[in-house]
2 protein chains.
Amino acid sequence: MLTEERHQIILEQLKVHNIVKLHDLIPLTGASESTLRRDLQDLENCHKLLRIHGGAQNVISLHEEPALSQKASIHLDEKKAIGRVAASQVRNQEVIFLDSGSTIQFMIPYLIEHKNLLVITNSVDNASMLADYDIETFLPGGKLKSSTKALVGSTMVQTLETYHFDKCFLGTNGFSIESGYTTPDPEESSIKQLAIKQSNQTFILSDSSKYCQVSFSKFADLKDATLITNELPVKESVLLNKETKVMEVN
Amino acid sequence: MLTEERHQIILEQLKVHNIVKLHDLIPLTGASESTLRRDLQDLENCHKLLRIHGGAQNVISLHEEPALSQKASIHLDEKKAIGRVAASQVRNQEVIFLDSGSTIQFMIPYLIEHKNLLVITNSVDNASMLADYDIETFLPGGKLKSSTKALVGSTMVQTLETYHFDKCFLGTNGFSIESGYTTPDPEESSIKQLAIKQSNQTFILSDSSKYCQVSFSKFADLKDATLITNELPVKESVLLNKETKVMEVN
DNA sequence: GAAGTTTTTTGAAAGAATTTGAACGATATT
DNA sequence: AATATCGTTCAAATTCTTTCAAAAAACTTC
């Protein structure tokens, strides 16, 4: 059995069981304990799995989103800068859609500079913050998704279809040249797609850590939106620029 | 069984039951008492749960205290007691409407005991808390009122007209024999009226400090609802009882 | 193409580190 | 006071890392 074959078996087991014991791999591969330990180490080095005592664990499945609180605390300064630039794209009297997502939230403090704004959002957290800043806000109805505190579902879709936005601002869980913009939850994905359709202009906010990340459900091509992000690796930036509008934040 | 597997089982049980007894975990995992104690300790150290005597509990108490502003914290124990009694009126599988208002919020922690609940609320703050407790929640659309973070307006009215609730739980700014239940904002008042109309049963939660307070807009007569409150002055209580159902909380 | 050499991969062994279950006194609950 | 639960300690069992030599593969040289 080749090394590659064993690696494949291990990853396959992980896909199915989320956790795999080292001793269970011995009969499955016919290899010795030592060899399998080395395999696990190799796979951990390229972030394909996480070793735990007695075996290995999936690094994080595509469907599982990290909890909002953990996600929110990292990349704080970048997000503030991105939020400031995004807010600067808004004009007085406009109607804008704000997606759920921690990065979007950083726009809100900068929005008070604009007068007579009307904000539509599907995020309960955003709504609460918008109320604190006394910005006129409307929530379309929907089912509350507890993990992200976003509203989703058919009611939301039906409502959005009757609206039209000057601009919409969306978050993303990943973007890449091949796969475009992606997010784990198909339901949230279709809300994003609809928001884009109903908007004159689309902005997607993302810190550069999301680059080359691919999640389950694609909601837009790179060319469909203006990406607002902090600096990307130089050569990648060139590549991206052929496909889409990018605003880099310093 | 690996440590990580046990941890997953424990957290899964907590998601479902919100409380888990240590002894129930022994057959579920096949591990010894000692091992499970260590597991609970580990999980508590990374804030995944809260240990309690005999087992563990979901960690969510964070939101209970700080969400409330100055005046909200005065009658804290009363409100908790009122919330507990109100929640005890709910049955499994019911559809209930929760109003905005700080007293209502105290119901939410006690709602986790009920299974397959569907909660409709017009309060963004309630929604956020309900999501934390992983209770199925639906928000009708509406304009966000920044002072109370409640949703109001014609969209809300239209949506509510198509719903029907087993029970609704409302807050009030004042109640008296002559004027019934009153609140300052006519828009919120009409939402409350509609919620009552669409419900089989109406409960109004109020600490006794609201007695004899009269606000601008009346939304119900005393006889239209069951009042859940802490103890009233005795003679008043007698008077009230002729008009309406009162549940006193001690 | 064969024999020899180097490199890589493999399995086994030894000692270190971790995990586990049981015991026991301390603490909390009734 | 009686019962149940808790934290601590300790020895046994399991797993991990490191090391080393044998086997396999790749590469040289003739």
Side-chain angles (χ1 to χ4, degrees), chain A residues 1-61, chain B residues 1-62 64-65 76-77 80-81 83-85 87-88 109-110 112-113 249-250:
Chain A
M1 166 145 331
L2 266 43
T3 308
E4 243 344 282
E5 288 182 89
R6 288 196 312 271
H7 285 194
Q8 210 142 2
I9 288 176
I10 294 170
L11 293 175
E12 214 168 292
Q13 286 292 311
L14 271 177
K15 279 232 170 195
V16 180
H17 295 116
N18 210 40
I19 279 184
V20 66
K21 296 194 245 303
L22 187 126
H23 273 289
D24 294 346
L25 288 172
I26 295 177
L28 277 169
T29 58
S32 73
E33 197 178 303
S34 301
T35 301
L36 286 164
R37 281 189 201 290
R38 276 184 281 256
D39 286 340
L40 293 186
Q41 194 157 14
D42 292 347
L43 289 169
E44 184 176 44
N45 285 340
C46 45
H47 307 288
K48 301 276 182 60
L49 55 74
L50 213 68
R51 291 189 71 184
I52 55 180
H53 195 94
Q57 186 183 17
N58 251 332
V59 62
I60 9 159
S61 82
Chain B
M1 165 137 342
L2 266 42
T3 309
E4 201 55 40
E5 288 182 276
R6 287 195 313 272
H7 286 191
Q8 280 184 19
I9 288 175
I10 294 169
L11 293 176
E12 212 169 296
Q13 286 292 312
L14 270 178
K15 273 233 166 191
V16 179
H17 297 111
N18 274 294
I19 272 189
V20 65
K21 292 200 254 295
L22 188 132
H23 274 288
D24 295 344
L25 288 172
I26 295 177
L28 277 170
T29 58
S32 72
E33 196 179 303
S34 302
T35 301
L36 286 165
R37 280 189 203 292
R38 276 184 281 255
D39 286 340
L40 293 186
Q41 193 160 11
D42 291 347
L43 289 169
E44 184 175 45
N45 284 340
C46 45
H47 307 288
K48 301 273 182 62
L49 55 74
L50 211 69
R51 291 188 71 184
I52 55 179
H53 195 88
Q57 182 182 21
N58 255 330
V59 48
I60 19 178
S61 44
L62 306 164
E64 246 177 295
E65 310 295 339
L76 201 112
D77 287 337
K80 273 189 190 175
R84 185 169 42 74
V85 169
S88 74
Y110 301 103
I112 54 172
E113 293 160 23
V249 171
N250 37 0

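Proteins get letters first, then strands, A, B, ... in listed order; numbering begins at 1 in each.
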Tabulate below the donor-acceptor pairs under 3.5 Å that side-chain atoms of residues 44-52 of chain A make, not counting sequence neighbours, or state none.
| residue | atom | partner | partner atom | Å |
| --- | --- | --- | --- | --- |
| A:Glu44 | OE2 | A:Arg51 | N | 3.1 |
| A:Asn45 | ND2 | A:Gln41 | O | 3.4 |

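Residues that satisfy the salt bridge (charged side-chain N to carboxylate O under 4.0 Å, His left out) test with A:Glu12, not counting sequence neighbours, are absent from this structure. With sequence neighbours excluded, the residues forming a side-chain contact (heavy atoms from CB on, under 4.5 Å) with A:His23 are A:Ile26, A:Glu33, listed by chain and number. Here B:Glu4 pairs with nothing under the salt bridge (charged side-chain N to carboxylate O under 4.0 Å, His left out) rule; sequence neighbours left out. Every side-chain contact (heavy atoms from CB on, under 4.5 Å) that A:Arg38 has, sequence neighbours left out, goes to A:Ser34, A:Thr35. Among residues two or more places apart in sequence or in another chain, the side-chain contact (heavy atoms from CB on, under 4.5 Å) test is passed with A:His53 by none. Looking at residues two or more places apart in sequence or on another chain, you find a side-chain contact (heavy atoms from CB on, under 4.5 Å) between A:Lys21 and A:Asp24, B:Leu2, B:Glu5.
Here chain A contacts DNA chain D (any atom closer than 4.0 Å to a heavy atom, that is under 4.0 Å), and the contacts span D:dT15 to D:dT17 from 5' to 3'.
In this structure, B:His23 and B:Gln41 both approach DNA chain D, and ranking their closest nucleotides by distance from the 5' end singles out B:His23.
Taking atom CZ of A:Arg37 as the reference point, atom C1' of C:dA16 lies 13 Å away to the nearest angstrom. Distance, B:Ile52 CD1 to C:dT29 P: 11 Å, rounded to whole Å. For B:His7 and C:dT20, the NE2 to C1' distance is 13 Å, given to the nearest whole Å.
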Exercise. After noting the C-alpha distance and the side-chain angles of B:Arg6 and B:Thr3, does the key distance pass the side chain to side chain contact (heavy atoms under 4.5 Å, CB included) rule?
Worked result: CA-CA 5 Å; B:Arg6 287 195 313 272; B:Thr3 309; 3.6 Å; yes

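With hydrogens and angles disregarded, no donor-acceptor distance shorter than 3.5 Å links the side chain of A:Asp39 to the backbone of A:His7.
At a threshold of 4.5 Å between non-hydrogen side-chain atoms, the residues B:Gln8 and B:Leu11 do not count as touching.
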Pairs under 3.5 Å (N/O, protein and nucleotides 7-12 of chain C):
| residue | atom | partner | partner atom | Å |
| --- | --- | --- | --- | --- |
| C:dT10 | OP1 | A:Arg6 | NH1 | 3.0 |
| C:dT10 | OP2 | A:Arg6 | NH2 | 3.2 |
| C:dG11 | OP2 | A:Ser32 | N | 3.1 |
| C:dG11 | OP2 | A:Ser32 | OG | 2.9 |
| C:dG11 | OP2 | A:Thr35 | OG1 | 2.4 |
| C:dG11 | O5' | A:Ser32 | OG | 3.4 |
| C:dG11 | N7 | A:Arg38 | NH2 | 2.7 |
| C:dG11 | O6 | A:Arg38 | NH1 | 3.4 |
| C:dA12 | N7 | A:Ser34 | OG | 3.0 |

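Over its full length, the helix from C:dG1-D:dC30 to C:dT30-D:dA1 turns its helical axis through 40°, comparing axes from the five pairs at each end and rounding to 10°.
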